[in-house]
Novice: 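Take this structure first; my questions come after.
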Amino acid sequence: MKQNKSDYAAIALFSGGLDSLLAVKWMQKAGYKVYPVYFLTPYMPIERALESARDNGLDLIIRDITTEHLKMMHDPNTSFGKNLNPCIDCHALMFRTAGAMLDELDAHYLISGEVLGQRPMSQRVNAMNQVGNLSGYRDLIIRPLCQKLLRETAPLREGWVDLDDMLDIHGRGRVRQLQLAEELGITRFPPPAGGCLLTDKNYTLRLQDLISHQQMDVENLELLKYGRHFRLDESVKLIIGRDERENGCLERISEGYTVLLAKDQMGPLGLLTGELTDPQIMTLALNIFWTYHPKAPQSGTINVRQGDKSKEHVGQKDKLELVKQYIISYD
Ligand code: SF4
C-alpha cells in the first residue's frame with residue numbers, strides 16, 4: 001500500500017441514488033480521490049443526480065452516452081430485464097466509457113455503488129463478472145460497498161486500495177446503507193424509485209412502439225417522457241399533455257411538430273408527430289384530442305399550428321372506449 005491513498009484516483013459511476021452516493025463518499029472519507037461521473041441517457045432524469053451531487057458537495061462530471069446507448073438498445077449482448085432495461089449491457093457501457101476516461105482524468109481504476117444481491121438481474125456475481133468482461137475493464141473495477149465479498153482485482157492486488165477500506169454489504173435490505181448514510185452525514189438523497197424509465201412498464205410500452213415503427217431517435221425519445229401517446233398510423237402519433245407541467249414541456253419542444261390547442265376552451269396541448277398526409281388521420285387526431293376536453297361541448301374549434309401558420313378545424317367527441325384503442329398504455 002502506498003503511503004498516500006490519493007496517489008491513485010478512481011472514476012465513480014454516479015447515478016445520484018443512495019448506493020452510488022455512499023460509494024463515493026465512503027471512498028473519499030477513507031482518503032481516496034474519486035471523480036464521480038454521471039452518464040447521461042434519455043432514460044434517467046439528470047435532475048436527480050444533479051440535486052444529489054449538489055446536496056452532498058460533489059463535483060459531478062457529466063458524460064452524454066445517448067448515441068452509444070441507443071445503438072446498444074437495438075442489439076444488446078445480454079437479455080432485457082423485466083421491462084426494456086438492458087442492465088448488464090448498460091452497466092458495461094458505463095464502465096467502458098469510464099474506462100476510456102481514465103487517461104483524461106489521470107485516474108487509475110473504476111468504482112460503482114453496486115451491492116451484491118441487491119438487484120436480481122445485474123447485481124449477482126455472474127452478472128457483475130459479465131458486466132466487467134463486456135466493459136473490457138473487469139480487472140480495474142472495485143465495488144467498495146461489497147468488495148470484501150468479491151474477487152480481488154488490480155486496485156487491491158497492486159495496493160492502490162486497501163482491503164480494510166472495503167465493505168461487505170449484500171442483499172436487498174437497505175438497513176446497512178441507511179446506517180452508513182448516517183455515519184457519513186448524508187441526510188439528503190433521492191428515494192430508490194423514480195430512476196430509470198426503462199424499468200417503467202408504460203414507458204417501455206411506448207418505447208417498444210417507437211422501435212417497432214423504426215422511430216427511435218433522440219427527438220422521439222424526448223417526447224416519450226411526456227403525455228398520453230396515441231398511435232394513429234404507421235407514421236403518425238398524437239401526444240396529449242396530462243397536466244400543466246407536461247403541457248409546458250411539450251410546448252417547449254414543439255418546434256417542427258403540429259400543435260393542437262382548443263379555441264375558447266381550457267385544456268391540454270396536443271402534438272402530432274410523423275408524416276401527416278391522410279385527412280382521415282387528421283380527423284381522428286382532432287376527435288381524440290377533443291375527447292380529452294371533458295368540460296367542452298360535443299364539438300368545438302381547434303387551432304392547428306404548423307410553424308408560424310395556424311388553421312382552425314373542428315373536433316368531435318368520441319366514446320372514450322373507442323379513443324382508448326389508440327392509446328399506448330396499459331392503464
Ligand atoms: S436500471 Fe436503467 S440505467 Fe440502470 S443499469 Fe438498468 S438500464 Fe441502465
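If you're wondering where the values come from, they're calculated on a predicted model, not measured in any experiment. One-based numbering along the sequence shown.
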Novice: Please tell me if the side chains of W160 and I142 come closer than 4.5 Å, counting only heavy atoms from C-beta onward.
Specialist: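 No, side chains not in contact.
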
Novice: Quick one, H229 and L224 - any side-chain contact, counting heavy atoms below 4.5 Å?
Specialist: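 Yes, close enough: below the 4.5 Å cut-off.
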
Novice: With no hydrogens and no angle check, is any side-chain donor or acceptor of R96 less than 3.5 Å from a backbone partner on L134?
Specialist: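 Checked: pair present.
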
Novice: Does R176 pair with D168 as a salt bridge, N-O distance under 4.0 Å?
Specialist: yes

Novice: Is R188 atom CZ crowded by more than 12 heavy atoms from other residues, nucleotides or ligands, each under 6.0 Å away?
Specialist: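 Check fails, neighbour count at 12 or below.
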
Novice: Are the side chains of I46 and Y38 in touch, meaning some heavy atoms are under 4.5 Å apart?
Specialist: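 Answer yes - side chains close enough.
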
Novice: Taking only residues at least two apart or on different chains, which pairs with a member in residues 291-331 satisfy ring pair (Phe, Tyr, Trp, His ring centres under 6.0 Å)?
Specialist: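 Non-adjacent pairs meeting ring pair (Phe, Tyr, Trp, His ring centres under 6.0 Å): F230-Y292, F289-H293, W290-H293.
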
Novice: Please find the pair of heavy atoms, one from G132 and one from I141, that lie closest to each other, and give the distance.
Specialist: CA-CD1, 4.0 Å

Novice: So, R305 side chain and D308 main chain: donor-acceptor pair closer than 3.5 Å or not?
Specialist: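 No; zero donor-acceptor contacts below 3.5 Å.
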
Novice: Hey, mind stepping through L178 and L18 against side-chain contact (heavy atoms from CB on, under 4.5 Å) and telling me if it holds?
Specialist: CA-CA 9 Å; L178 294 174; L18 178 60; 4.0 Å; yes

Novice: CE of M216 to CD of Q208: how many Å apart, nearest 0.5 Å?
Specialist: 11.0 Å

Novice: CD1 of I240 to CG of L250: how many Å apart, nearest 0.5 Å?
Specialist: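 The CD1 atom of I240 sits 10.0 Å away from the CG atom of L250.
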
Novice: In plain terms, say whether R63 and E104 are close enough for a salt bridge, that is, a side-chain N and a carboxylate O under 4.0 Å apart.
Specialist: yes

Novice: Atom CG of D233 and atom CG of L284: how far apart are they, to the nearest 0.5 Å?
Specialist: 9.0 Å

Novice: With rounding to the nearest 0.5 Å, note down the distance linking OG1 in T301 to NZ in K311.
Specialist: 14.0 Å

Novice: Hey, any chance L320 and I328 share a hydrophobic cluster, counting ILVMFWY side chains that come within less than 4.5 Å of each other, even indirectly?
Specialist: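 No, because L320 and I328 fall into different hydrophobic clusters, even though each may have its own neighbours under 4.5 Å.
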
Novice: Taking atom CZ of R151 and atom CG of L156, what is their separation to the nearest 0.5 Å?
Specialist: 12.5 Å

Novice: Does any part of the side chain of Y32, heavy atoms only, come nearer than 4.5 Å to the side chain of D162, both counted from C-beta?
Specialist: yes

Novice: Who are the side-chain contact (heavy atoms from CB on, under 4.5 Å) partners of A53, not counting sequence neighbours?
Specialist: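 Scan of A53 (side-chain contact (heavy atoms from CB on, under 4.5 Å), adjacent residues dropped) gives F14, L58, L60.
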
Novice: Using a 4.5 Å cut-off on heavy atoms from C-beta on, say whether the side chain of L116 contacts that of V125.
Specialist: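 Yes. Closest side-chain heavy atoms under 4.5 Å.
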
Novice: Can you check whether S235's main-chain N or O pairs, donor with acceptor, with Q215's side chain at less than 3.5 Å?
Specialist: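 Looks like yes, one N/O pair under 3.5 Å.
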
Novice: Could you check whether Y43 and H69 have their ring centres less than 6.0 Å apart?
Specialist: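 Here the rings of Y43 and H69 have centres that are less than 6.0 Å from each other.
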
Novice: Output yes when a side-chain donor or acceptor of D89 lies under 3.5 Å from a complementary backbone atom of N77, and no otherwise.
Specialist: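 Flag set: sc D89 to bb N77 pair under 3.5 Å.
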
Novice: Of the non-hydrogen atoms in L198 and Y203, which two are nearest, and what is the gap between them?
Specialist: CD2-CE2, 4.2 Å

Novice: Given the rule that I, L, V, M, F, W and Y join up when any side-chain heavy atoms are under 4.5 Å apart, are I288 and Y257 in one cluster?
Specialist: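 No.
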
Novice: Output, in order, the C-alpha distance, side-chain angles, deciding distance and verdict of side-chain contact (heavy atoms from CB on, under 4.5 Å) for V161 and Q147.
Specialist: CA-CA 11 Å; V161 171; Q147 187 60 43; over 6 Å; no

Novice: Following the transitive rule for hydrophobic clusters with a side-chain heavy-atom cut-off under 4.5 Å over Ile, Leu, Val, Met, Phe, Trp and Tyr, establish whether L21 and Y35 coincide in one cluster.
Specialist: yes

Novice: Ignoring hydrogens and geometry, is there a side-chain-to-backbone donor-acceptor pair from Q298 to K317 under 3.5 Å?
Specialist: yes

Novice: Do M44 and F39 have side chains that get closer than 4.5 Å, going by heavy atoms?
Specialist: no

Novice: Write down the atom of M73, the atom of F80, and the distance for their closest heavy-atom approach.
Specialist: O-CZ, 3.7 Å

Novice: Any chance you could lay out the side-chain contact (heavy atoms from CB on, under 4.5 Å) test for V37 and T97, step after step, and finish with the verdict?
Specialist: CA-CA 10 Å; V37 180; T97 313; over 6 Å; no

Novice: Whether R174 and D19 form a salt bridge (side-chain N of Lys/Arg under 4.0 Å from carboxylate O of Asp/Glu) is what I want to check.
Specialist: yes

Novice: Quick one: does any side-chain atom of S254 pair with a main-chain N or O of E251 as donor and acceptor, under 3.5 Å?
Specialist: yes

Novice: So which atom in S20 and which in S15 form the shortest heavy-atom distance, rounded to 0.1 Å?
Specialist: OG-N, 3.2 Å

Novice: To the nearest 0.5 Å, tell me how far D55 CG sits from T187 OG1.
Specialist: 7.5 Å

Novice: So, does K237 use its side chain to make a donor-acceptor pair with the main chain of N220 at under 3.5 Å?
Specialist: no

Novice: Counting N and O atoms only, with roles assigned by atom type, does the side chain of D64 sit under 3.5 Å from a partner on the main chain of T66, one being a donor and the other an acceptor?
Specialist: yes

Novice: Using a 3.5 Å distance criterion without hydrogens, assess whether the side chain of E182 forms a donor-acceptor pair with backbone atoms of Q179.
Specialist: no

Novice: Looking at every non-hydrogen atom in both residues, tell me the closest pair between I111 and A23 and how far apart they are.
Specialist: CD1-O, 4.1 Å

Novice: Tell me, do K5 and M27 make a side-chain contact under 4.5 Å, heavy atoms counted?
Specialist: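 No, side chains not in contact.
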
Novice: Going by the angle between their ring planes, with limits at 30° and 60°, are H108 and Y8 parallel, tilted or perpendicular?
Specialist: perpendicular

Novice: Heavy atoms, side chains only, cut-off 4.5 Å: are L145 and L180 in contact?
Specialist: yes

Novice: With no hydrogens and no angle check, is any side-chain donor or acceptor of S112 less than 3.5 Å from a backbone partner on L13?
Specialist: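 Pair absent, no side-chain N/O of S112 close to backbone of L13.
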
Novice: For residues 261-280, please give each side-chain donor-acceptor pair under 3.5 Å, one per line with the distance, not counting sequence neighbours.
Specialist:
{"from": "K263", "atom 1": "NZ", "to": "E312", "atom 2": "OE2", "distance (Å)": "3.0"}
{"from": "D278", "atom 1": "OD1", "to": "Q280", "atom 2": "N", "distance (Å)": "2.8"}

Novice: Let's go through L163 and E152 carefully: what are the C-alpha distance in whole Å and the side-chain angles of both, what is the deciding distance for side-chain contact (heavy atoms from CB on, under 4.5 Å) to 0.1 Å, and is it a yes or a no?
Specialist: CA-CA 9 Å; L163 186 61; E152 189 180 63; over 6 Å; no

Novice: Hey, are N4 and S6 close enough side-chain-wise for a donor-acceptor pair under 3.5 Å?
Specialist: yes

Novice: Shared ILVMFWY cluster between L286 and I327, side chains joined below 4.5 angstrom?
Specialist: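 L286 clusters together with I327.
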
Novice: Can you name the nearest heavy-atom pair linking D318 to T291, along with the distance?
Specialist: N-OG1, 3.0 Å

Novice: Determine whether I253 and L197 fall in the same hydrophobic cluster, where Ile, Leu, Val, Met, Phe, Trp and Tyr are linked whenever their side-chain heavy atoms lie under 4.5 Å apart.
Specialist: no

Novice: Check the surroundings of atom NZ in K148: do more than 12 heavy atoms from other residues, nucleotides or ligands lie under 6.0 Å from it?
Specialist: yes

